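For reference, the structure discussed in these notes is given below.
Note that the structure is predicted; figures quoted are calculated from it, not measured.
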Amino acid sequence: MMATPAHVAIIMDGNGRWAKARGLPRLAGHRAGVEALRKTVRAAPGLGISFLTVYAFSSENWSRPKSEVSDLMGLLKLFIRRDLAELHQSGVRVRIIGDRAGLQPDIRGLLDEAESLTSGNEALTLVIAFNYGGRDEIVRTARKLAAAVARGELDSEAISAESFAGALDTQGIPDPELVIRTSGELRLSNFLLWQAAYSELVFLPCYWPDFSREHLAEALREFAGRERRFGGLDPQDVASRPAAG
């Protein structure tokens, strides 16, 4: 039986280049990317995936032109308003990770509504990384724990890798076994830096709007063919070592 990762994370890259290659405005690429996301969410449970995390909007994306940021905010609102009922009916739980401080009240309200409405669902957990950056998440978590120490609520010696992970935005969510990036770029771009420490990485050449169920299945097949050792030795290497004495 093929090993299937319970948690898959995706860097949805290439919307703008997809649009440019077709002589279309960038917004058309982002709209096509939303459709690819819909298809991926629908396909994930049938492929054995329990957690799907997508990089929707990074904390660095605010530096893009204001018109594009406005378009992206509009697409987020449209996605939640149009798709939330279907997600809920399909048993999808929505979790949001990222810094919500400073977001517009209407955006925060939609994010809160999506989480609240779907909190009891179990078919799939869709984690949306919005206004998210891995370094920012780690810094915010460190500040949170430092404040708890300053208040006398936490002993600094009690802070461990496990307790630190439990204070991240992803608390209660297992680390991704597989991280996929589309568009051919070969980097994490500040995505799940703590959580992806031992993730398998698969880079696909297709732009995100072209991503299909078959692309996802292809990445899962590549994952299944890898030997995950987490810093240890291959069992065959251990067996072949001469006995001591």
(message) Less than 4.0 angstrom from a charged side-chain N to a carboxylate O is my criterion; do R22 and D210 meet it?
(response)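 Looking at R22 and D210, the cut-off is met.
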(message) Does anything in residues 135-157 form a ring-ring contact (aromatic ring centres under 6.0 Å, His included)? List the pairs, not counting sequence neighbours.
(response)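 Found none.
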(request) Any ring-ring contact (aromatic ring centres under 6.0 Å, His included) involving residues 98-130? Give me the pairs, sequence neighbours left out, ordered by first then second residue. (result)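 Qualifying pairs, neighbours excluded: F57-F130.
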(request) Step through the shown structure and confirm whether more than 12 heavy atoms of other residues, nucleotides or ligands are within 6.0 Å of CZ on R226. (result)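 More than 12 heavy atoms, drawn from other residues, nucleotides or ligands, come within 6.0 Å of this atom.
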(message) Tell me whether K39 at atom NZ has more than 12 heavy atoms from other residues, nucleotides or ligands lying less than 6.0 Å away.
(response)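 12 or below, so no.
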With [X], which residues qualify under salt bridge (Lys or Arg N to Asp or Glu O under 4.0 Å), at least two apart?
{"X": "R26", "value": "E68"}
{"X": "E177", "value": "none"}
{"X": "D13", "value": "R17, R181"}
{"X": "E115", "value": "R100"}

Identify, with sequence neighbours excluded, every residue that meets ring pair (Phe, Tyr, Trp, His ring centres under 6.0 Å) alongside [X].
{"X": "F164", "value": "W194"}
{"X": "Y207", "value": "none"}
{"X": "F79", "value": "none"}
{"X": "H7", "value": "F51"}

(request) Would you check if the side chain of N190 reaches a backbone N or O of G134 as a donor-acceptor pair within less than 3.5 Å? (result)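 At least one qualifying donor-acceptor pair exists.
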(request) Can you sort out the partners of E153 under side chain to side chain contact (heavy atoms under 4.5 Å, CB included), two or more places apart, ordered by chain and number? (result)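 Residues passing side chain to side chain contact (heavy atoms under 4.5 Å, CB included) with E153: A148, R151.
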(message) Applying side chain to side chain contact (heavy atoms under 4.5 Å, CB included), can you list everything that pairs with S90, at least two apart in sequence or on another chain?
(response)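 Checked S90 against side chain to side chain contact (heavy atoms under 4.5 Å, CB included); matches are E86, V92.
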(request) Apply side-chain contact (heavy atoms from CB on, under 4.5 Å) to I97 and L168, showing your working. (result) CA-CA 9 Å; I97 60 173; L168 292 167; over 6 Å; no
(request) Decide salt bridge (Lys or Arg N to Asp or Glu O under 4.0 Å) for R140 and E137; before the verdict, give the C-alpha distance in whole Å, the side-chain angles of both, and the deciding distance to 0.1 Å. (result) CA-CA 5 Å; R140 286 187 287 105; E137 177 190 25; 5.7 Å; no
